Amino acid sequence: MNKKDIGILIVDDEPSVRNSLSKWFEEDGYRVGSANDAADAQRKLQEGRWDIVFLDIKLPGMDGVELQKRIKEIDPHIITIMITAYASVDTAVRSLKEGAFDYVTKPIDPDYLTHLVNNAVRQQQLTIENIQLREQITKLHKFDEIICESSQMEKVLELAKMVAPTDTTVMIRGESGVGKELVARLIHANSKRRYFPFVPVNCGGMAESLLESEFFGHEKGAFTGAEYQRKGKLEMADGGTLFLDEVGNVSMKTQMDLLRTLETKQFTRLGGNKVINVDFRVVCATNKNLEFAIEEGTFREDFYYRLNVFTIFIPPLRERPADIPPLAEHFVQKYAISMNKNITGISDEAMEMLKRHHWPGNVRELANAIERAVVIEPGPLLRKEDLPIQIVQKSESPQLESLEAVEKAHIQYILEKTDRNISQAARTLKIDRVTLYSKIKKYGLK
Amino acid sequence: MSKVRGILKQIGSFLSRLRFERQLVRRIQRRTVTQEHLTDADSLVFSQTVQESIESRKPFISIVPLNTVPDDVLQRLERAISRTLDIETEITPPLDLAFAFDSSRNQYNSTVILTRLLEILPDGAFKILGVTNVDLFIPILTFVFGEAQLNGAAAVVSMYRMENELYGLPRDERNLQDRLTKELFHELGHTFGLLHCDDYDCVMHASTYAEEIDLKSDSFCASCYEWVSSILADK
C-alpha cells in the first residue's frame, strides 16, 4: 500500500499538537487530517476513509475513550492510538480494553512514534488482507462449482449442502475417482470452520507406525530419528476439518487410538505426556465395504458407528452418463487453457465414445483421458483417435442382464485391454490362468 | 630591462585592480559594503561592473547562526551547499534564540524559530536556514534534529542531539559535521517540497536517532535530485 493511500486523522484540542503531528506525518508522505473535538472527528470519519486515528484522551465535549467506542461503531477496523499528557494506568487499561492499538504519553520519542505508526500500518494492511482472503475463501468453493447434470449428483450436493453447516461427522462413500475429496472440501468450505484448516490424511498410503506419528505427532526423541518435536494432523486440524481419506485402510490399533481421540477430543503426542485438546470436525471417505470389513474383523464396529453418522454415497460415473458431457467439456477447457492450446470442444464421435465408455476409474480417469487427448490433439476439436479408451458395450443389450453375459463381456474387455495376454488378463481378473482358459473356451472368446 | 619592469608593473597593477574589483563585487553582493562606501574614482571605474553584478545576482540561500555556532562549521556548510546545489549562500549575523526558549521543557521550540526566520528572510534570498547547537523540540515530540516548512522558505537544524558526547561517546568533530550537513540538506529538501524517501542512501530518508543519520549519504538520490534541480532551474 502506498503511504498516500493511508489516512491518519489527529484528534486533539491543542492546535500545536495537531499541527506538529500533522506536519510530521505529511513529511512521511501520509494523507493527514485533523479535528479539534469529538464532533469534528465524527464528521471527518463519516466524510472520508481513515486508517489510523490519534486520539487525545481529554477532549472538550466527549471523553477520548468514549469517542473511540463511536469510531469502532463507524468502522471496527480503524486503528486507534490514544495520546495523553499524563500517563494513567486506569485510562490506558480502559482504552486498550475498548480496542485501542496503543497508548502514548506526550511528548513522544520520534523513533517510537515512527515504529508505532509502521506497526499500525502493518496491522491495518493485515486486517484488510485478511478480510479480502476471507471473501475469496467464501467465493472459492461454491456448490455450483461441481460440474454435474445428473439427478444422482444433485441429490449428493443437496445432502452435502444440508450437512455442511452442522458439526456432524460425514462419511463419503463411492468408488475411487468419483470425487469424494472434492465433496469433503465443499462441506468444509461451506461450514462455519471454513477459515480454519482443512487437513487431509491419506490413511491408505502409509505404514502403521508412520500413520500414528502422522496423526498424533511426536515429541523430540520419541523414537529413533525423531530429532524435533512435530505436530500431528489432529493438532493441525484444530478449529477446522480433518479429512480421513481411505479410512478403511487404517489399522485396528490406530482405529482404537483415533476412536478415543474422536470421543474425547484429547490426545498426547507420541512419546509425550502433555494432554492436547483439539476441536475439529471429521469427514471421512472410503471405497471399501466397511460392513464386510467388520464381519471379516478388519474394521472396528465402534469406530464404524462413530464415523457413520451421515453418509453420502457418490455414484460411479457410469451410472450417471448425463454428467459425462459437461465434465468432458470442462476438462477440455481446463487443459486447453493450461497447455495454451486452441481446442474448443469435442467432436460428436469422440463424445459418443466417452459416453459409451465404462469409466472404471470414474471422473479421475475421464480427466486423465482428456488431458492426454489435449496433449496430442493440435485442434480445434478433440477426436476419438485422441482418446486412450476402448469401447465396451453398454448394458443396454438384454443379453447383458444375466451374470454370465456380464462375465463374458468383462473378460472380453480385459482381454482386449491386455492385447490378449492371458497371464496379464488372469492377474487383472484375479483368477488363475487355467480358470481363464476354461472361461474363454466356455464363452467362445478365442 | 626597465621596459620589461614597466610592463610587469602594469600587469601587477592590472591584476591587483582586478582582484580588488572582484572583492568589491562580492562585498556588495553580501551587503557588507554599499555603493556609498566607494570613492568617486572607484565608482567611476567600477560602477558599471558593480551595477551589472548586482542586477544579474541570482537568488541565494541565507544561513543564520542561531545563538553561537563556530564559523568553520558554517563555512563548511556553505561549501557543501555550493558543491551539491551550485547555489550562492550568505551568512548573516547571529540571532539570539531567547524568544524560542520553553522553560517548562528546557528546550527551544523549532516551530517558533521557523516563524521568526521567515520574518527576517533577506531580500533576494529564496531560502533561510537556521543552524544552532541548542536542543530543539516540537510540542508532540521529545526532540527534533530540525524542522522545515514543507514547500516553504525556512528550515532550522540543530547539532545538539547529533553530538556523540551526549550519548557518552568521545567527541567526533568530523562525524558531527557530517551529521549536520546531512540533516541540513534533509531539511532544505523539505523546503523544496520533498517528502521522506524510501531509498536508504538518500539524504531525504528519515532519521529518528543520531546513528541512523550515519547510515545515509549526504546526497540526494537520482529522483530527489532531479526534483530539486528542476526547481532550481526555474530560479
Side-chain angles (χ1 to χ4, degrees), chain A residues 1-32 34-36 52-58 64 81-87 102-119 121-122, chain B residues 100 102 104-115 135-152 154-156 158 161-162 167 183 186-199 202-213 215 223-224 227:
Chain A
M1 199 192 272
N2 197 310
K3 277 187 176 175
K4 270 184 190 165
D5 301 329
I6 298 163
I8 300 179
L9 182 67
I10 296 141
V11 189
D12 201 306
D13 54 332
E14 283 179 56
S16 62
V17 170
R18 284 201 308 273
N19 296 340
S20 55
L21 258 186
S22 298
K23 203 171 162 200
W24 179 264
F25 292 129
E26 269 166 15
E27 284 180 359
D28 258 341
Y30 295 107
R31 180 171 56 86
V32 189
S34 62
N36 54 7
I52 301 167
V53 180
F54 277 86
L55 258 180
D56 191 10
I57 291 266
K58 285 206 171 104
I81 296 167
M82 310 305 287
I83 37 179
T84 182
Y86 307 100
D102 211 335
Y103 179 95
V104 286
T105 313
K106 287 186 267 188
I108 313 164
D109 179 75
D111 192 40
Y112 182 76
L113 182 62
T114 305
H115 281 105
L116 179 65
V117 172
N118 286 345
N119 288 339
V121 168
R122 200 171 301 128
Chain B
D102 186 316
S104 65
R105 293 185 58 151
N106 202 24
Q107 285 175 303
Y108 292 79
N109 189 323
S110 62
T111 312
V112 173
I113 298 172
L114 280 189
T115 312
D135 196 11
L136 299 179
F137 78 97
I138 57 171
I140 191 65
L141 296 180
T142 48
F143 75 92
V144 286
F145 290 127
E147 191 186 349
Q149 259 193 319
L150 197 60
N151 254 326
V156 58
S158 163
R161 298 266 176 170
M162 299 175 190
Y167 309 101
E183 282 311 291
H186 181 94
E187 298 305 339
L188 190 58
H190 282 317
T191 65
F192 282 104
L194 285 174
L195 300 178
H196 288 156
C197 181
D198 288 335
D199 184 340
C202 177
V203 79
M204 289 313 293
H205 190 75
S207 311
T208 48
Y209 54 94
E211 292 92 332
E212 204 179 11
I213 306 173
L215 298 175
S223 66
C224 289
W227 177 268

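Residue numbers start from 1 in every chain, and the chains themselves are labelled A, B, ... in the order their sequence lines are given, proteins ahead of strands. As the structure is a computational prediction, the values presented were derived from the model and not from experiment.
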key: Contact class of A:Leu113 relative to chain B, heavy atoms under 4.5 angstrom   = side chain
ask   = Salt bridge check: are A:Lys106 and A:Asp12 linked by an N-O gap of less than 4.0 Å?
value = yes
request  = Check whether the ring centres of B:His190 and B:His196 lie less than 6.0 Å apart, and answer yes or no.
outcome  = yes
note = Looking only at B:Leu194, B:Leu141, B:Ile138, most heavy-atom pairs under 4.5 Å shared with chain A are made by B:Leu141
ask   = Quick one: of B:Glu147, B:Glu212, B:Met204, who has the most non-hydrogen atom pairs under 4.5 Å with chain A?
value = B:Glu147
inquiry  = Any heavy-atom pair between the side chains of A:Tyr30 and A:Val121 that's under 4.5 Å?
reply    = yes
key: Side-chain touch A:Ile108/A:Ile83, heavy atoms, less than 4.5 angstrom   = yes
request  = Please identify each residue that fulfils salt bridge (Lys or Arg N to Asp or Glu O under 4.0 Å) with B:Asp135, with sequence neighbours left out.
outcome  = B:Arg161
ask   = Among A:Val17, A:Asn19, A:Asp28, which residue forms the greatest number of heavy-atom pairs with chain B at distances under 4.5 Å?
value = A:Asp28
query = Which region of A:Thr114, side chain (C-beta onward) or backbone (N, CA, C, O), has a non-hydrogen atom less than 4.5 Å from a non-hydrogen atom of chain B, or is it both or neither?
reply = side chain
Options B:Cys197, B:Ala148, B:Ser110, ranked by heavy-atom pairs under 4.5 Å with chain A, top entry = B:Ala148
task = With a 4.5 angstrom heavy-atom cut-off, could you sort out which part of B:Phe137 is near chain A: side chain, backbone, both or neither?
result = neither
request  = Mind ranking B:Ile140, B:Asp198, B:Leu195 by heavy-atom pairs under 4.5 Å with chain A and telling me who comes out on top?
outcome  = B:Ile140
inquiry  = Is it the case that the ring center of B:Phe143 lies less than 6.0 angstrom away from the ring center of B:Tyr209?
reply    = no
